[in-house]
Structures are given as C-alpha cells and as structure tokens.
**Q** 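Dumping the structure here so I can ask a few things about it.
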Amino acid sequence: GDIGDCTPPEELIERWQTMASGAETPDGRRFIILCGIILSSQTLTGTACKAVAALRAAARGAGHADLEPAWVAAQTPEALAKVISMCNFLNNKSKFLLAAAQTVKKYRGKVAESRDGYISYKGIGKELAGLLYLVNTRALAVAWCAKEAEPEPAEPPGVIVVE
C-alpha cells in the first residue's frame with residue numbers, strides 16, 4: 001500500500017519533523033529528514049532516528065553546526081557506516097547518504113521538492129519518495145523551524161506554578 005495507509009499523515013509529519021528538532025534552517029531540517037528516510041528503508045523508524053542522532057552528534061563533534069551536506073560529503077562510506085552501525089544494510093546506506101549529500105551540496109544545500117526529485121536520490125524508491133513528499137516539504141520545514149524558535153509561553157499573571 002501507499003505510505004500513510006495505516007498511519008495518519010499528521011502523525012507521520014510529527015514523527016519525522018520531530019526527528020530533526022533543533023535544526024537551525026529549513027534547508028538543514030530537510031537534509032536531516034532526507035538522511036533519516038534513507039536510513040529508514042528496511043529499518044525500524046526508531047532505529048533510523050537513533051542513527052540520525054548519531055550522525056548529528058558526529059558532525060557536531062567535528063565542528064559543524066549540525067548534520068550538513070558538506071560534512072557527510074567529506075566522509076568515506078566506511079566512516080559513515082561506523083556511525084550508522086545500528087542500521088540494516090549500513091554499507092549500502094552509507095553510500096546512499098554520501099551520494100545524497102554530494103547532490104544536495106551541488107545544489108547549494110537545497111533538497112529536491114518533487115517525487116521525481118526524491119527518486120533521483122540513491123536508496124529512495126517510489127514509496128519513500130511518497131513519504132518524503134508528505135513529510136519533507138519546504139513549507140513544513142519553515143513552519144517547524146519557526147515553531148521551535150518561538151519562546152515558551154509565560155504563565156499568565158496571577159498564576160502560581162507548583163512543582
């Protein structure tokens with residue numbers, strides 16, 4: 001069946017956008033989600049999210065602000081495979097991540113916007129392209145970055161918070 005047959009679209013959007021929490025820009029957020037969806041093929045979503053967290057930590061440890069195309073593109077498939085060791089088919093996926101990063105870097109950090117564009121990434125077939133088309137639009141990335149940038153609401157005057 002199609003992506004979303006069993007899981008409501010809002011839940012899918014929430015799951016994947018939350019995985020990219022803290023991304024500073026919409027383009028960065030979209031790249032993180034692209035990596036996560038590449039990693040999710042034949043792997044539980046929770047495991048893919050752990051692998052993305054490991055990639056983000058490795059990139060930050062190397063002095064980058066977050067998981068960025070430039071950092072991934074500078075890695076070897078073997079180095080990426082070590083970071084995503086919890087995923088199934090990690091050797092193929094490390095090559096897919098590297099190829100996707102090189103393509104996104106070539107387009108100045110811009111991730112594809114269409115199903116056909118998503119399918120052009122190695123490791124993305126029709127089903128995953130459909131998922132990306134649902135959960136990884138520019139409008140969603142902009143909205144989620146703005147939502148995360150909003151300050152926490154203060155308690156209204158006169159409300160006492162008991163902890």
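Every value quoted in this text rests on a predicted model; they were computed, and no experiment measured them. Because only heavy atoms are used, hydrogens play no part in the values below, and waters and symmetry mates are left out as well, while side chains stay in. The first residue of the sequence shown is numbered 1, and numbering continues consecutively from there.
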**Q** Do V104 and Y121 come close enough that some side-chain heavy atom pair is under 4.5 Å?
**A** yes

**Q** Tell me, please, which residues at least two apart from S85 pass side-chain contact (heavy atoms from CB on, under 4.5 Å).
**A** none

**Q** Which heavy atom of A112 sits nearest a heavy atom of G117, and at what distance?
**A** CB-C, 3.5 Å

**Q** Measuring from R15:CZ to L131:CG, what's the distance to the nearest 0.5 Å?
**A** 9.0 Å

**Q** Looking at CD1 of I38 and CD1 of I124, how far apart are the two atoms once the value is rounded to the nearest 0.5 Å?
**A** 4.5 Å

**Q** Quick one: CG on N88 to OG1 on T47, what's the gap to the nearest 0.5 Å?
**A** 7.5 Å

**Q** From R115 CZ over to S120 OG, what is the distance, rounded to the nearest 0.5 angstrom?
**A** 14.5 Å

**Q** side-chain hydrogen bond (donor to acceptor under 3.5 Å, both in side chains): which pairs involve residues 90-108, sequence neighbours left out?
**A** T43-K93

**Q** Between F31 and L67, is the side-chain contact (heavy atoms from CB on, under 4.5 Å) condition met? List the steps.
**A** CA-CA 8 Å; F31 179 71; L67 179 58; 4.1 Å; yes

**Q** What's the separation between atom CG in L134 and atom OG1 in T7, rounded to the nearest 0.5 Å?
**A** 10.5 Å

**Q** Side chains of residues 72-83: which donor-acceptor pairs under 3.5 Å do they make with residues two or more places apart or in other chains?
**A**
{"residue": "Q75", "atom": "NE2", "partner": "W71", "partner atom": "O", "Å": "3.0"}
{"residue": "T76", "atom": "OG1", "partner": "A79", "partner atom": "N", "Å": "3.0"}

**Q** Scan residues 25-42 for pairs that pass side-chain hydrogen bond (donor to acceptor under 3.5 Å, both in side chains), counting only residues two or more places apart or in two chains.
**A** Q17-R29, D27-K110, D27-R138, R29-E148, R30-E113, R30-Y118

**Q** Let me check something: do V52 and L12 share a hydrophobic cluster, defined by ILVMFWY side-chain heavy atoms less than 4.5 Å apart, either directly or through other members?
**A** yes

**Q** Drop me the distance from I84's CD1 to L90's CG, to the nearest 0.5 angstrom.
**A** 5.5 Å

**Q** Of all the heavy-atom pairs spanning R60 and A65, show the shortest one and how long it is.
**A** NE-O, 3.4 Å

**Q** T137: which residues meet the side-chain contact (heavy atoms from CB on, under 4.5 Å) condition with it, sequence neighbours left out?
**A** A139, L140

**Q** For I119, give me all partners under side-chain contact (heavy atoms from CB on, under 4.5 Å), at least two apart in sequence or on another chain.
**A** K126, A129

**Q** Using the test salt bridge (Lys or Arg N to Asp or Glu O under 4.0 Å), find all partners of E24 that sit at least two apart in sequence or belong to another chain.
**A** none

**Q** Sequence neighbours left out, what passes side chain to side chain donor-acceptor pair (under 3.5 Å) with R56? Give chain and number order.
**A** D66

**Q** Quick test of your reading: applying salt bridge (Lys or Arg N to Asp or Glu O under 4.0 Å), list the pairs with at least one residue in residues 35-44, sequence neighbours left out, ordered by first then second residue.
**A** none

**Q** Between M86 and I37, is there shared hydrophobic-cluster membership here, with clusters defined by ILVMFWY side-chain heavy atoms closer than 4.5 Å?
**A** no

**Q** Kindly indicate whether the side chain of W144, heavy atoms from C-beta on, has any atom under 4.5 Å from the side chain of I13.
**A** yes

**Q** Can you see which heavy atom on P26 is nearest to which on C145, and at what distance?
**A** N-SG, 3.7 Å

**Q** State plainly whether one hydrophobic cluster holds both V142 and L132, where clusters connect Ile, Leu, Val, Met, Phe, Trp and Tyr through side-chain heavy atoms under 4.5 angstrom apart.
**A** no

**Q** Begin from the C-alpha positions of L97 and L39 and carry the test side-chain contact (heavy atoms from CB on, under 4.5 Å) through to its verdict.
**A** CA-CA 8 Å; L97 288 173; L39 294 171; 3.8 Å; yes

